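As a basis for the values below, the full set of heavy atoms in this structure was taken, side chains included, without hydrogen atoms, waters or symmetry mates. Everything numeric here is computed off the predicted structure, so don't read it as measured data.
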Amino acid sequence: MQRQFDRHYNPSAIERPWYEHWLELDLFSCPDSTDQPRYSILMPPPNVTGVLTMGHVLNNTIQDLYIRYHRKLGKVACWFPGLDHAGIATQSKVEAELLRTEGKTRWDLGREEFLRRVWQWKEQYGGIILEQLRSLGVSCDWKRTLFTMDESASNAVREVFIRLFDAGLIYRGKRIINWSPVLQSALSDEEVVYRQVEDTLYTLKYQLEGDGDEFVAVATVRPETIFGDVAVAVHPEDERYRHLIGKKVRVPLTDRLVPIIADSYVDPTFGTGCLKITPAHDPNDFEIGVRHSLPVLASINADGRLNHVAGPYEGMERFAARTQIVADLRAAGLLVNEQPYVHNVGFSERSGEPVEPFYSDQWFVRMQPLAEPALQVVLDGTIRFFPEHWTKTYEHWMRNIRDWCISRQLWWGHRIPVYYAADGRYTAARSAEHAREKLGLSPTAELRQDEDSLDTWFSSWLWMLTTMRWLHDGKTEDTPILRTYLPTDLLVTGPDIIFFWVARMIMASLYFRGVVPFRDVYFTSIIRDDKGRKMSKSLGNSPDPLKLIATYGADAVRYTVLYLAPVGQDVRITVDPVTQDAPQMELGRNFANKLWNAARFLALKADEVGVGADRTPQPTDDELGLPERWIRSRLHATIRLVDEHLERYRINDYVRTLYDFFWHDYCDWYIELLKIRLQQLESLQQRQGLVRFSLQVFEDALGLLHPLMPFITEELWHRLGLREPDRSLCTELLPKHNPHFELPHVEQQMALLMNAIEQFRMLKATANLKPTDLPPASFRADGSTAEMLRANAPLIAALARIELPTLVDTNAQKPRGALSAIVGDAEVFIVVGDHVLQRERERLLAERARLEHLLAQTRARLANEQFLQRAKPDVVENERAKEATFAEALEKINASLHHLMEQQ
RNA sequence: GCGGUCUUAGCUCAGUUGGUUAGAGCGUCACGUUGACAUCGUGAAGGCCAGUGGUUCGAGUCCACUAGACCGCACCA
């Protein structure tokens, strides 16, 4: 090998160049159509404002793993990347900047100018996350990158709106919706998060009409809404209030009289049993209002301030008003009681303030008809969820689905393609002309387009279609890409957007295309800190992935994250609060370094024996020794397990399988054995064969590991093979599983050999011998065990660091001054002298106790008639074998103990 | 209130349809550097598998309940 190997692997030197090289070779790009087997994944588009988080790392590493794996199976593997315009996040960001730098609001600029600024911002700062993803090594087909505000996507969004409108699935209606006073926009139910809040429950006096002192007491946590009261409701059966039904009470602090009505919604056991009805500011009150034909009286405006209905409080912010009103009520003697009260309050997920139930005109999608078939495909297994239990959550939501509020009072987003005529009629249309046509108006008729824009998810739910150019011009239904890549094979996403995105994509794909958007959905773990909190920017408990990549290498980060993330379980990553470092990444770094050094060793040996880039000729099967046949057996078991684990999305099993093979089988055992074998073999030709064989196994394993650790595997593959620069491990086929190479008897023999070595080492440690001390050693064995041990005695001696062990006959005496241990059906001894016999005795006694316990357990089982009758025959057989093994071992221990006594 | 998940070594977690003597990494202890790797090697210590009951010949694994941690959804002012 010509290239120099440093003592340590240095990822930063090679990662970026390899990624650029891959792009130059155009390895990730896929044709629009193909006759080959294909595999496709849609990347959940990150927000255009986003920066790389640990969540993205986990998510995209899994996607890259599968894309690379299938590419190496020889498929056309297409990964569709993209960016989400993120209406609220992006608009807020640009508005904040505008306010800071120019002291202006979006209204100061006007819609057109403001949007120009947002686009400007997008061009300048947006989408850096895609750049950051590259440092992770993701192998997307970059030329397919789609931005949800691109013209092609916008055309599809508009067309979809029109179709759903024409089909009666989109409608406009005046409803109580979740309003964000900060964003000045409606929100969908999914954009509201509920949190427990400690509030005060106020009990207010509503005086009965007339001059008397009679009143009803009404409890509320929101006294600032009293100006919107239109009634007080009691339960129809409530004896306390029955006589009052139909009478009128005065709303506190006003002269307004409202009726007392009866409605069974009221819980007579809660509070005072009287409920104030404020239809404009509470969804339940709204329902009651409808039932009783009550007016809707809004007393809070869109900006969260009280309006003229609130009289003197007009213009006050809702929470400031509450404080003032409570003070005034108290002063007026209208406050009967105040008590602490804990309840749930809805907050705007994005802007953080409590949402205001708000009565307004909004656009909705009728979900019921869409949900029905979308639930079906998940229940019948057409789409599979991993882990499966998420289907329950999905089903629960789908069965209780509510209409989707899609209008947002934002500017950044797809504008609602609805046009209003002067006479109040309206329709959804591609253009004003189109609208006039649909409404039967003259070509010059005045039209006004709806000012609102669409919920960001209204473009996201079309992702599998728009990325594949569906309706990119507003009319082309079918494209080669759609025919080739839809349905996609896998979607990898967090369970937190199962409703926002996953469910809605399934609905849209079925409705518009008649197929499912994907076959399998893998829900990732949620990454938490060591205290179990979600990682978030505001808590400052999230490490910067780019920094981790710089410190440990992308491969190490990929490796560690997947190693730590079991299916469906949250994963905890410890973060140093000061340095933001995540020391667990050492796990991956150490593994990468181990690989590097194994390669370094192989390169050294290749130079030593004069092996070059050529892997042929390989030794014939007859020329392979036990260690070679064993490591090949392990390799093929590993190939098989990799397939099985990935097929079942048992990702951390895949990672552990490779770890065990590389570190334990290959490095700890095979390389150590190889060292001895190379010393033993006289013939240069044989030694060359052995090195070529070892390199081949190593390179096959590199292929298996490449989807997980693309950079280091590519680097080593090139170094060890001196490959042409235009070849890449990315597109080399994976090694094929060959069942004939998996040899159980070879694995058994090696297990015995390894066990013998371990027992010798243990005995040496028991005797406090130095590694360099080489005690005399022997085996007591017969049959095939004796044969195997004798044949491999030099290997055992070298690896256990003992003198070449001699074989003694089964009826031979244990040597004087020897320590003993059991290896399968054999015994091994080292001779150390009498000074450690006390320690040996203790060890043997402990071992005897353990064996006696096991033997008793096994015998008890075998003495049980029921067990013998009902257990499967192989289980019983196994139990008998155990009994024999334990009994034999116990006998040997007892003999050793007896022998020990005689020596003392 | 409805639905879901979790509780295994000091820590973080594996443990597939019930069936060998419950595993790994980190940490701890002891020993070890004249060449693949101290980002390493060898050996050791460390577990009533949250608790209780049940099903079974057999339970970490299945069922029920209890306790604790958590996630959805729906919510009474």
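Contact check, A/R402 against B/rA74: a side-chain N or O comes under 4.0 Å of OP1 or OP2. The side chain of A/H853 contributes no N or O atom lying less than 4.0 Å from OP1 or OP2 of B/rU21. Regarding contacts with the backbone of B/rG25, a side-chain N or O of A/H664 is found under 4.0 angstrom from either OP1 or OP2. Contact annotation: A/K882 reaches the phosphate of B/rU21 (side-chain N/O to OP1 or OP2, under 4.0 Å). Between A/Y394 and B/rG72, a side-chain N or O to OP1/OP2 separation shorter than 4.0 Å is absent.
B/rA14 and B/rG23: their C1' atoms are spaced 7 Å apart (whole Å). Taking the C1' atoms as reference points, B/rG51 lies 47 Å from B/rC37, given to the whole Å. Rounded to whole Å, the separation between the P atoms of B/rU7 and B/rG32 comes to 41 Å. Comparing the P positions of B/rG68 and B/rC62 gives an interatomic distance of 23 Å, to the nearest angstrom. When the P atom is used for both B/rC11 and B/rA50, the distance is 14 Å, rounded to whole Å. Between the C1' atoms of B/rU61 and B/rC6, the separation comes to 15 Å (whole Å). Rounded to whole Å, the separation between the P atoms of B/rU42 and B/rG25 comes to 10 Å. For the C1' atoms, the distance from B/rA69 to B/rU39 is 35 Å, rounded to whole Å.
A/T269 pairs by the side-chain hydrogen bond (donor to acceptor under 3.5 Å, both in side chains) definition with A/D267, not counting sequence neighbours. Contacts of A/E672 classified as side-chain hydrogen bond (donor to acceptor under 3.5 Å, both in side chains), with partners at least two apart in sequence or in another chain: A/K675. Residues that satisfy the side-chain hydrogen bond (donor to acceptor under 3.5 Å, both in side chains) test with A/Y194, not counting sequence neighbours, are absent from this structure. Under the salt bridge (charged side-chain N to carboxylate O under 4.0 Å, His left out) criterion, A/E747 pairs with A/R634, sequence neighbours left out.
Distance, A/E879 CD to B/rG58 C1': 9 Å, rounded to whole Å. With rounding to whole Å, A/M398 atom CE is found 14 Å from B/rC73 atom C1'. To the nearest angstrom, P of B/rG25 lies 19 Å from CE of A/M585. A/I822 places its CD1 atom 16 Å from the P atom of B/rU21, with the value rounded to the nearest Å. A/R843 has its CZ atom 11 Å from the P atom of B/rA45, to the nearest Å. Atom pair A/K872:NZ and B/rU56:C1' shows a separation of 13 Å (rounding to whole Å applied). Between A/I893 atom CD1 and B/rU21 atom P there is a gap of 17 Å when expressed in whole angstrom units. The distance between atom CD of A/Q196 and atom P of B/rG1, rounded to the nearest whole Å, is 13 Å.
Across B/rA77, B/rA14, B/rC2, the shortest atom-to-atom separation from the side chain of A/D653 is found for B/rA14. Checking B/rA14, B/rU21, B/rG25 against every side-chain atom of A/R656, the shortest atom distance belongs to B/rA14. Among the nucleotides B/rC73, B/rA24, B/rA74, the one closest to the side chain of A/Y563 is B/rA24. In this structure, of B/rA77, B/rU21, B/rG19, it is B/rU21 that holds the atom nearest to the side chain of A/F886.
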**OP:** Treat a base pair as Watson-Crick or G-U wobble with both distances under 3.5 Å, then lay out RNA chain B in dot-bracket form, 5' to 3', with | for cross-strand pairs.
**Re:** (((((((..((((.....[...)))).(((((.......))))).....(((((..]....))))))))))))....
Original post:
What one-letter contact string describes nucleotides 32-39 of chain B from 5' to 3', where B marks a base within less than 4.0 Å of any protein heavy atom, S marks contact via sugar-phosphate atoms alone, and - marks no contact?
Top reply: ---BBBSB
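A side chain to side chain contact (heavy atoms under 4.5 Å, CB included) with A/L641 is found for exactly one of A/T657, A/L658, A/D660, namely A/T657. Exactly one residue among A/R761, A/R801, A/K764 makes a side chain to side chain contact (heavy atoms under 4.5 Å, CB included) with A/L769. That residue is A/K764.
In A/E395, the CD atom is crowded: over 12 heavy atoms of neighbouring residues, nucleotides or ligands sit closer than 6.0 Å.
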